[in-house]
Amino acid sequence: MKNFDIKKAISNNVIVVFLILLCLFFGVMNHNFFSSINIMNLLSQMCVNALLASGLSFAIILGGIDISVGSQMAVTGVVAALIASKIGSMNTITALLVLILTAIVIGCITGGIIGSLIAYGGLIPMICTLAFLTMLRGLAYIISGGGPIYGLDSNFGCLGARRLIVTESFPNGMIPTSVIFTVIIVCLMHFLLSKTIYGRHVFAVGSNKNVAHLAGIDVKKVTLIGHILCAVTASMAGVVTASKLQNGQPNIGEGYEMFAIASCVLGGTSLIGGRGSVARAMFGVAVIAVINNGMNLLNISAYWQKVVIGGIIIIAVLADTLQQKRASKN
């Protein structure tokens, strides 16, 4: 009975076991992996993907997807930088308001349009967001004039480049503000999905739209809100990146949607909808970050990192498919 329980616990938490084994492997291969400096860098590197995955979880659980999140990052970062350049000198509070409000406004606009086209226009999520991936990227280049927007006030870096708690080991600060901000947003998204009526509606719509409709759930409204949330978190990832770089670049976020999708799937989010968790998606985020960080410490080519991540995505999708087949047989 004990063996059965252990096997069941391991099978239900494969991603956690895999993450622990990865950390142990890279820790043995390079003693710097578990250093406090590398841990803080690792957490900082996770922020953007964590924000993307937290919102993308909603879109995938609803039975759709959003592959435009990388382009949404770019257009939001560029707009925030453009606004900051027009303001000129600003304090930390003003900079935070510019960054966060820009993310919310741009996210609501783009997410509202995408969500409306999918929910009320009947467009296929993949096709719709593929179109916006191109459109938003082009818009980012148009707004920026084809190049980066720089020369911003130093306080523009308050959300992405600044660190708190100065110590002897960390003279520039220990905890990145981006990590604190990301933890707050991810916790809010987790609460919304797992502890609210709306969250239950998301799972119901993703499991079976017809049944959800018959149960009195406004399927179109739930879908619309889900895509708005996805776009807002993508926009927040965009302003965090722009703040970290302290400029607005129209090429940021290229290919990031694949890392976010992989993180969700690794965390157990089903690509056919109806199953997933923001919290477990964070384990997927951690796996990808650890692999990239560990391979960098081992001086492994960035090209091989892409090969490894692609292989992990295939394995995760295959595992999800097999699990769905077993569930249908039972």
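- With hydrogens and angles left out, the side-chain atoms of N91 and N155 include no donor and acceptor closer than 3.5 Å.
- Rounded to the nearest 0.5 Å, atoms CG (L56) and OG (S263) are 9.0 Å apart.
- Residues C47 and V179 meet the side-chain proximity criterion, which asks for heavy atoms closer than 4.5 Å.
- Taking every heavy atom of both residues into account, P250 and S144 meet most closely at CG-OG, 3.4 Å.
- For the atom pair CG (L136) and CD1 (I114), the distance works out to 6.0 Å, reported to the nearest 0.5 Å.
- Within a 6.0 Å radius of CZ in F34, more than 12 heavy atoms belonging to other residues, nucleotides or ligands are found.
- Of all heavy-atom pairs between Q246 and G157, the closest is CG-CA, 3.9 Å.
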side-chain hydrogen bond (donor to acceptor under 3.5 Å, both in side chains) between T76 and S235, intermediate numbers included: CA-CA 6 Å; T76 307; S235 292; 3.0 Å; yes
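- At least one donor-acceptor pair closer than 3.5 Å links the side chain of N30 to the backbone N or O of L297.
- The number of heavy atoms from other shown groups lying within 6.0 Å of CG (L214) is above 12.
- Taking CD1 of I291 as the reference point, atom CZ of F26 lies at 6.5 Å (rounded to 0.5 Å).
- The closest donor-acceptor contact from the side chain of S243 to the backbone of L159 lies under 3.5 Å.
- From T110, atom OG1 reaches atom CD of Q72 across 4.0 Å, with rounding to the nearest 0.5 Å.
- A donor-acceptor distance shorter than 3.5 angstrom exists from the side chain of N49 to the backbone of A260, with no hydrogens or angles considered.
- Within 6.0 Å of CZ in F33 there are more than 12 heavy atoms belonging to other residues, nucleotides or ligands.
- In terms of heavy atoms, M295 sits closest to V308 at CE-CG2, 3.8 Å.
- With hydrogens and angles ignored, the 3.5 Å screen pairs no side-chain donor or acceptor of S68 with any backbone N or O of S71.
- Screening N296, N293, N32 against N38 for a side chain to side chain donor-acceptor pair (under 3.5 Å) leaves a single residue, N293.
- Distance check, rounded to the nearest 0.5 Å: CZ of R280 to CD1 of I15 gives 8.0 Å.
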V232/C108 under side chain to side chain contact (heavy atoms under 4.5 Å, CB included): CA gap, chis, key distance, verdict: CA-CA 6 Å; V232 168; C108 286; 4.1 Å; yes
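- Side chains of T92 and R162: a donor-acceptor N/O pair is present below 3.5 angstrom, by distance only.
- Remark: Y256 OH is loosely packed, at most 12 non-hydrogen atoms of other residues, nucleotides or ligands lying under 6.0 Å away.
- In the hydrophobic clustering of this structure, Y150 does not group with V78; members are Ile, Leu, Val, Met, Phe, Trp, Tyr whose side-chain heavy atoms approach within less than 4.5 Å, directly or through other members.
- L229 CG to S57 OG: the interatomic distance, rounded to the nearest 0.5 Å, is 11.0 Å.
- When all heavy atoms are compared, the tightest approach of V186 to S54 is CG2-CB, 4.2 Å.
- Using a distance-only test at 3.5 Å, with no hydrogens or angles considered, a donor-acceptor pair links the side chain of Y198 to the main chain of V222.
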Derivation of the side chain to side chain contact (heavy atoms under 4.5 Å, CB included) call for S44 and K244: CA-CA 10 Å; S44 180; K244 185 175 183 178; 3.5 Å; yes
Test log, rule side chain to side chain contact (heavy atoms under 4.5 Å, CB included), inputs M73 and T241: CA-CA 8 Å; M73 279 181 60; T241 303; 3.5 Å; yes
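- T269 places a side-chain N or O within 3.5 Å of a backbone atom of C264 that can act as its donor or acceptor partner.
- For I87, the CD1 atom counts as densely surrounded, since its 6.0 Å shell holds more than 12 non-hydrogen atoms of other residues, nucleotides or ligands.
- When V285, I288, I261 are each tested for a side-chain contact (heavy atoms from CB on, under 4.5 Å) with L266, only one passes: I288.
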Verdict with reasoning, L224 to S116, per side chain to side chain contact (heavy atoms under 4.5 Å, CB included): CA-CA 6 Å; L224 171 61; S116 296; 3.7 Å; yes
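- Remark: the backbone N or O of V98 is paired with a side-chain donor or acceptor of T102 at under 3.5 angstrom.
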